[in-house]
Structures are given as C-alpha cells and as structure tokens.
Amino acid sequence: MNQPGSWSRMVNSSCYYDCGSRCIIRVTVDEGIVTGVSTDDGPLPGLRACPKGLASKEVVYAEDRLTQPLKRVGKRGSGEFQPISWHEALDTVAGELRRVRDLYGPTAVFLMDHYGSLSPLHGVQKAGRRFFSFFGGCTTWWGNFSREAAACSSLATFGTISTGSSPDNFLESRLIILWGWNPAVTRFGPDTTYYLSRAKRAGAKIISVDPRYTVSAQALAEQWVPIRPGTDAALLIAMAYVMIREDLYDRSFIETYTVGFEPFSDYVLGAEDRMPKTPGWAEDITGVPAGTVEQLAREYATMRPAALCASWAPGRTAFGEQYHRAASTLAAMTGNIGVAGGYASGGVGRMPVGSLGQTLPVPAEPPTPLVHGASVYDALLQGTSGGYPSDTRLLYIVGCNMLNQFLNANKGVMALQAPEFTVIHELFLTPTARYADIVLPVTTALERTDIGQPWGGGPYFIYMDRAIEPLPETKSDLAIFTELASRLGLTGYNDKSDEEWLHEFTAATPDLPDYESFKRKGVHHIPIERPWVAFRKQIEDPSRHPFPTPSGRIEIYSRRLAEKNDPLLPSIPKYLEAWEGPGDPTRDRLPLQLVSPHSRARINSSLFSIPRLKALADDRVWLNPMDAHPRGIVSGDNVRILNDRGVLLATARVDDRIMPGVASLDSGAWFAPDPSGVDHGGCTNTLTRDKASPGGSYAHNSCLVQIEKKR
C-alpha cells in the first residue's frame with residue numbers, strides 16, 4: 001500500500017460509524033499528517049465510501065475537536081470548562097468511581113454507552129462494558145434505537161435476527177417494494193443502490209411506500225405510495241385481505257412452512273372482531289386509496305419473485321412491531337421467503353456473514369440491571385422510588401450524545417442535572433458533553449488500529465490500519481479505561497497490545513487468512529458462489545433445517561408472544577392505533593404528524609459540526625402546500641414547531657413531495673435551547689415522547705405537532 005517516497009504513504013482503513021455500511025477509505029499521509037482521503041477505486045460495485053466517510057480528514061483536524069481534558073467550572077449545560085491534565089482528569093474520575101461504588105454499590109453507576117464508535121476492539125460498547133464487568137458491575141440500558149421493533153418481530157416470527165439477503169439478490173427480483181426505506185441515504189451496504197439500479201434497468205418494477213417522495217423514490221421508483229406514519233400495518237393487513245379473498249396467496253407455502261395462518265385469516269376477514277380489514281378500511285386509516293391497496297396486493301402476490309423491503313423507520317412508531325410482523329406474514333403468503341429474488345420481510349435483515357469469531361471479550365458476570373433507553377431520563381430522575389434498579393449517583397457516558405438523540409430532550413435537560421457526577425468521552429463538545437463534570441477527548445478511527453466488519457453483514461472484512469499517531473492530549477476509549485483500571489487496581493482488563501488482540505480475533509475467524517496476510521491485503525473478500533438468501537436451507541430442506549422457532553416453522557401465530565399474554569403485543573399481527581397517530585384526540589390542536597428521517601450529511605448526530613458536510617444537509621422542515629398555505633407559510637419562512645413537550649425553530653420547505661398532514665425534519669441537528677427552553681438548533685427530539693412501544697421500539701415517528709409562522 002505504500003507509495004514511493006519515505007515520507008508519503010497510503011493507508012487502508014474504514015469508518016467506524018453506525019451508518020448502515022462499512023466502506024473502504026484510503027488515507028494519504030505525508031510526514032505524519034493526513035493530506036487526503038479516497039475510497040475503493042476497483043470495478044463496480046465495490047466498497048465505495050459516501051461523503052461522510054470521505055470527510056474523515058476534516059473530522060481529525062476539525063477546529064472544534066476536543067484536544068485536552070476539560071473540567072466543568074460553570075453551571076451544568078453552560079459549556080463553561082477549563083483545561084486540566086490527564087493525570088488530574090483520570091485521578092478525579094477514578095476517585096469518583098471508587099467513592100460511589102464504596103458508598104452505594106456499583107449499580108449506582110449508570111453506563112450510557114451507545115453507537116458513536118462501532119468496531120470489535122475499540123467500539124465503545126466493548127471497551128466500556130468490559131471495564132465495568134471488572135469494576136463489579138453497573139446499571140446500563142437496553143433497546144436498539146433503530147431496529148428494536150424489527151428485532152422483536154424477527155425473534156417472534158423467524159427465531160433469529162439473521163433475516164437479510166445480499167444486495168445482488170435484487171437482480172433476481174421482478175418487483176421491489178421500498179417500504180419506508182431511502183437507500184440513497186441509509187444505504188444498508190455500500191453496494192445496495194448499485195444493485196437496485198441494475199435491477200431497475202433489468203426490468204424490475206420498484207415501488208416506494210413512504211410519506212415522502214425521497215431521493216431514492218425519484219431515482220429508482222416508478223410509483224410512489226404516500227402513507228400516514230404509524231399506519232403501515234393497516235395497509236399490509238388490507239393487502240392480506242385482498243390476497244385471501246381473491247385466493248392469490250401461496251397455500252402450499254403457508255401449509256408447509258408456517259403456523260398460525262388460520263387465526264390471522266380470521267382476524268383479517270373480520271371473523272374475530274366483525275371488522276373485515278378491507279381496502280376501504282385501510283384507506284380511511286392510511287390515506288392510501290382502496291384501488292392502490294388492491295393493486296399493491298395483486299402485484300406483490302403475482303409478480304414473483306418479489307422483495308418487500310420493510311425498513312426500520314415505520315417500526316419506529318407506537319406499535320411498530322405490528323408493521324414488521326405483518327410484512328413477514330405477507331412475505332410468507334406470497335412464497336417470497338428463502339427464494340432468489342425474494343426477501344424475508346419484516347425482520348432485522350442482518351446477514352450471518354462477515355462477523356469475527358471473537359471480539360473484545362465482555363464477561364457475563366456480574367449480572368447487569370437494565371433500563372430501556374426510552375426510560376433512562378425517568379430512571380435518572382426517579383431512581384428506586386420510581387421502580388428503577390438503582391439511584392444513579394454517577395453517570396458514565398461513552399460514544400453517546402444522549403441529550404440530542406434520546407426522546408424528549410427537555411426532560412433530558414432535567415435528568416442530566418440529577419447525578420452527583422458525570423463523565424463523558426467525546427470528540428466534540430456536544431449538547432450532552434456540556435452537562436458533564438469531566439470531558440475526556442478521544443481519538444478517531446484514523447488514529448488507531450482495528451478491523452472493519454460489514455455493518456449488517458456481508459462477504460468481506462477491512463483492515464483498519466492506523467494512519468497517524470493520536471493528536472496530542474487525546475486517547476482511545478480503550479486506553480482511557482485501561483488507565484482507569486490501573487488506578488482502581490482492576491487487573492487483567494487490558495493485558496494485550498492492540499495487535500495481539502487483533503491477532504486473536506483473526507485466528508478465531510475461519511473466513512479470514514492469517515493476521516499478517518490480512519493486514520497486507522487490507523481488504524479480504526469472502527468467496528460466495530451465489531447471492532446470500534436468508535432461509536434458503538429451511539425452504540429447500542425443511543426436515544433437516546427447521547426455523548429456529550419453538551414450532552420449527554415461520555410463526556404467524558407466535559408462541560413466544562402468546563406466552564406474554566399482553567393484548568398490546570398480540571400473538572398474530574394486528575393493526576393497533578398508535579398514540580399520536582391519525583386518530584389521536586389531540587389532533588385538533590396538534591394536527592401534523594412529524595417524522596424525523598436520517599440526514600445524508602451526518603450519522604445520527606455525529607459529524608453535525610463538520611463544515612464540508614453541512615453543505616449537504618437539508619435541515620428545513622418539509623410541509624405540503626395544503627398545510628403551508630392556510631398557515632401563511634412559504635419556503636424560506638422561519639417557523640415554530642411545537643407541542644406539549646417543547647418548541648423548536650426551523651426554516652420551512654414547502655413541497656408537494658410530502659403528503660398532506662405530515663411534516664418532516666431530518667434528525668441529528670444539535671439541540672441548542674435558549675434560556676426559555678426554545679430550541680434554535682432544530683433537534684427533533686425536542687418534540688418526541690419518551691415512551692417505548694410494547695415491543696421496545698423508540699417511537700420517534702409517533703409525534704404530533706403544530707407548525708406556525710414565526711412572527
């Protein structure tokens with residue numbers, strides 16, 4: 001990889017973000033300084049990085065990057081800090097950890113790690129959780145912000161979260177439905193849009209079901225079906241009604257591979273509740289015309305093989321798991337599971353390919369009390385008096401801008417005042433970091449060595465070589481925890497060098513060559529003879545390869561859910577009317593449904609402050625002309641978006657590419673409240689409700705608001 005010249009070299013690496021891909025970045029280094037970043041230059045499709053990965057140099061050398069430990073000197077949230085030495089910072093943190101553990105027990109420490117850095121050695125959830133297992137435990141969180149509803153559905157229906165197929169499988173599809181999915185932004189693999197484009201050129205019909213006419217719909221789809229947020233399960237169930245009444249479903253597949261179709265059919269036809277789930281019934285709920293419901297049902301049932309790509313965004317609603325379960329049921333009804341060109345819809349979509357056999361070990365003991373992420377603020381505020389596992393005395397935050405990304409930011413402001421002491425590892429002074437007592441500056445991916453695994457699985461690994469030495473006064477998360485472990489007398493936390501760990505990870509992975517060969521190659525591709533299709537073995541040979549469910553089949557009626565005996569988590573897929581949805585009684589004063597999709601300029605809230613990427617962002621709130629004109633709003637107007645939880649200021653974009661009754665503002669802009677609590681940063685979680693769905697989903701997209709022109 002080295003270029004001619006002793007002072008110039010090319011280094012192979014990858015991003016570490018929670019971004020939906022894992023791509024090649026090639027870093028040019030001259031005399032120890034990053035001078036350029038490029039990507040895979042091989043033949044298409046390749047592992048090409050997006051603009052976010054190509055901005056890695058700007059992240060390393062950002063003017064506002066933290067390069068010294070900081071100690072708070074003003075009020076929490078004021079952002080008033082003074083630089084201190086690493087010696088003082090680590091002594092202070094170690095002393096507070098020891099004090100809290102000795103006085104209140106280890107569970108009085110709340111570890112709030114998240115997805116700011118994902119890698120097998122330096123990933124924050126690896127380093128932090130290993131440290132606290134040696135420390136004696138802590139309290140922490142559960143619930144994936146993006147896919148918890150999909151995980152609930154995956155495990156109930158298929159018995160596994162490994163339900164994905166490789167993107168080249170789209171080349172076999174006659175019909176592809178992008179349901180709540182904008183793959184040009186949330187890529188789910190660096191080669192996905194390439195294969196979707198090829199499938200379209202080969203004659204596949206692509207349909208987009210989404211409240212917004214996205215850039216992916218413009219580029220790929222020949223039909224856009226706008227739908228009210230939180231009603232997706234109703235549309236899918238009405239499609240099932242058409243398939244049953246017109247005898248379009250695959251009876252043989254249902255009888256051979258599934259259990260529980262009869263009670264689902266009774267529900268759909270109205271035998272259970274005297275309410276047939278007709279296309280007209282769905283039209284009243286979803287806003288999708290009955291004729292379009294019928295067309296979607298007939299095409300999905302007859303244009304085989306077909307891939308219904310039920311993405312995660314519609315599951316980020318009040319009863320989002322029902323949407324995922326309904327999508328899985330339709331995939332079974334059409335016989336599109338386990339076949340080339342089909343898709344096991346409704347699941348998490350991970351592929352069991354491209355995973356290391358070992359990562360930084362996290363001991364299972366001691367047991368760790370867990371709080372759902374939607375309840376973290378209440379846990380910090382109420383503690384044991386509110387039924388939570390502990391009273392938090394020390395909050396330890398790693399790789400997590402929680403105030404920005406968790407539901408109900410204004411409650412978060414109160415919650416972050418509650419702990420006696422808060423420490424955070426960060427690259428930048430984020431909204432959350434402003435509430436810490438000690439801020440510890442960390443390294444970027446270019447300043448450490450690791451291995452890149454495909455984000456959702458895939459047939460390759462990327463060696464992440466260290467491009468440059470860490471900037472002075474910065475340390476990796478692993479190094480910080482190693483030094484804290486030494487101060488606290490925790491032996492064995494990190495008794496190997498980075499290279500020794502990576503040697504172990506490589507040796508434990510049959511799909512990889514030896515470590516030195518892998519390092520030399522930079523990228524290792526796993527040979528696969530044909531596209532990976534989830535559950536191919538189960539469909540081709542069900543007697544030898546049952547599904548990993550209690551019945552050994554696809555469970556339309558889930559035994560696991562039935563055992564919960566929870567009417568809000570029924571054993572068969574049902575449409576349950578969402579709070580803050582189309583039928584909510586508060587719609588009289590909060591008439592617009594706000595959705596908060598990902599921005600193409602950042603990963604969640606990461607990269608928000610990078611100027612090169614700000615130019616790519618569209619942080620205006622989308623409004624349909626039918627909603628904007630009665631309010632006297634035109635594009636470019638300053639507006640107030642409000643509900644009972646908060647107020648934020650934004651700029652309007654009036655556009656018919658969003659359906660009436662819905663507003664859209666990209667997530668991840670940094671929370672910036674004024675003294676009265678009005679957010680000037682455009683943080684959508686100023687408005688969201690901190691309540692999880694029955695299956696654990698974070699209901700970001702169940703959010704009613706009013707929008708008014710700012711006077």
Side-chain angles (χ1 to χ4, degrees), residues 11-25 47 53 56 111 113-134 140 144 161-162 189-190 348 350-364 398-400 425 442-467 470 475-482 485 492-526 603 606:
V11 176
N12 191 87
S13 189
S14 180
C15 305
Y16 58 84
Y17 301 116
D18 184 27
C19 67
S21 288
R22 193 65 69 230
C23 312
I24 294 172
I25 57 173
L47 302 174
S56 297
L111 171 63
D113 54 2
H114 217 228
Y115 299 104
S117 169
L118 298 179
S119 56
L121 177 59
H122 288 285
V124 294
Q125 290 185 4
K126 302 291 184 183
R129 298 206 176 191
R130 178 172 171 84
F131 172 83
F132 281 102
S133 69
F134 280 75
T140 191
N144 187 287
I161 64 170
S162 296
V348 167
R350 287 193 60 85
M351 292 171 52
V353 183
S355 294
L356 290 169
Q358 180 185 330
T359 59
L360 186 68
V362 178
V398 196
C400 180
H425 299 194
V442 295
T443 54
T444 69
L446 301 191
E447 297 159 297
R448 53 193 190 230
T449 305
D450 218 313
I451 295 174
Q453 303 177 96
W455 185 82
Y460 64 93
F461 293 97
I462 300 172
Y463 186 80
M464 299 171 64
D465 205 352
R466 186 172 67 187
K475 298 177 184 289
S476 72
D477 299 287
L478 183 61
I480 291 169
F481 282 121
T482 300
Y493 169 72
N494 183 17
D495 52 3
K496 298 180 178 69
S497 68
D498 286 7
E499 290 248 85
E500 287 171 335
W501 280 118
L502 297 180
H503 267 281
E504 283 195 11
F505 300 171
T506 303
T509 307
D511 284 332
L512 277 173
D514 66 272
Y515 177 77
E516 294 300 333
S517 297
F518 174 42
K519 180 178 180 179
R520 196 162 48 248
K521 289 173 64 178
V523 182
H524 176 72
H525 293 276
I526 303 168
I603 298 108
S606 296

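Treat the numbers as computed from the prediction; the structure is a model and nothing was measured.
- Distance CG/D465 to CG/N12: 7.5 Å, rounded to 0.5 Å.
- Between C15 and R22, the closest heavy-atom pair is O-CD, 3.2 Å.
- With rounding to the nearest 0.5 angstrom, the CG atom of L502 is 12.0 Å from the NZ atom of K496.
- Taking each heavy atom of P363 and S133 in turn, the nearest pair found is CD-OG, 3.2 Å.
- Side chain of Q453 to backbone of L356: a donor-acceptor contact under 3.5 angstrom is found.
- Atom CD in E504 sits 10.0 Å away from atom CG in L360 (nearest 0.5 Å).
- Between the side chain of T482 and the main chain of L478, a donor-acceptor pair closer than 3.5 Å is present.
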> Could you go step by step and tell me if H503 and T506 meet the side chain to side chain contact (heavy atoms under 4.5 Å, CB included) rule?
Replying inline: CA-CA 5 Å; H503 267 281; T506 303; 6.0 Å; no
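- Taken to the nearest 0.5 Å, the CZ atom of F132 stands 5.5 Å off from the CG atom of L111.
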>> Is there a side chain to side chain contact (heavy atoms under 4.5 Å, CB included) between Y115 and N144? Walk through the geometry before answering.
In response: CA-CA 10 Å; Y115 299 104; N144 187 287; 3.2 Å; yes
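- Side-chain contact check for I480 versus H425: some heavy-atom pair is nearer than 4.5 Å.
- Ring geometry for F134 against Y493 counts as perpendicular: the plane angle is over 60°, on a 0 to 90° scale with 30° as the lower cut.
- Considering all non-hydrogen atoms of both residues, T443 and P470 come closest at CG2-CB, 3.7 Å.
- A distance of 6.0 Å separates OH in Y16 from OG in S117, rounded to the nearest 0.5 Å.
- Nearest heavy atom pair, residue M464 against residue G452, reads SD-N, 3.5 Å.
- Ring pair F461/H524: centre-to-centre distance not below 6.0 Å.
- For the pair T509 (side chain) and L512 (backbone), a donor-acceptor distance under 3.5 Å is absent.
- In this structure a side-chain-to-backbone donor-acceptor pair under 3.5 Å is missing from S13 to L446.
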>> side chain to side chain contact (heavy atoms under 4.5 Å, CB included) for L118 and W455? Distances and angles first, verdict last.
In response: CA-CA 9 Å; L118 298 179; W455 185 82; 4.0 Å; yes
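- Distance check: Y17 OH to C23 SG gives 12.0 Å after rounding to the nearest 0.5 Å.
- Residue M351 comes nearest to G458 through the heavy atom pair CE-CA, 4.2 Å, listed as atom of the first residue, atom of the second, then distance.
- Salt bridge R448/D498: absent, no basic N to carboxylate O contact under 4.0 Å.
- For the pair R130 and F481, the cation does not sit on the ring face, since its NZ or CZ is not both under 6.0 Å from the ring centre and inside 45° of the axis.
- When all heavy atoms of V362 and Q125 are compared, the closest pair comes out as CG2-O, 4.5 Å.
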> When you look at L121 and I451, which way does the side chain to side chain contact (heavy atoms under 4.5 Å, CB included) test go after all the steps?
Replying inline: CA-CA 8 Å; L121 177 59; I451 295 174; over 6 Å; no
>> Between D113 and R129, is the salt bridge (charged side-chain N to carboxylate O under 4.0 Å, His left out) condition met? List the steps.
In response: CA-CA 8 Å; D113 54 2; R129 298 206 176 191; 2.9 Å; yes
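- Taking the six-membered ring where the residue is Trp, the centroids of Y515 and Y463 are separated by under 6.0 Å.
- Using a 3.5 Å distance cut-off with no hydrogens or angles, the side chains of K126 and T359 do pair a donor with an acceptor.
- Inspection of the D450 and H122 side chains reveals no N or O donor paired with an N or O acceptor under 3.5 Å.
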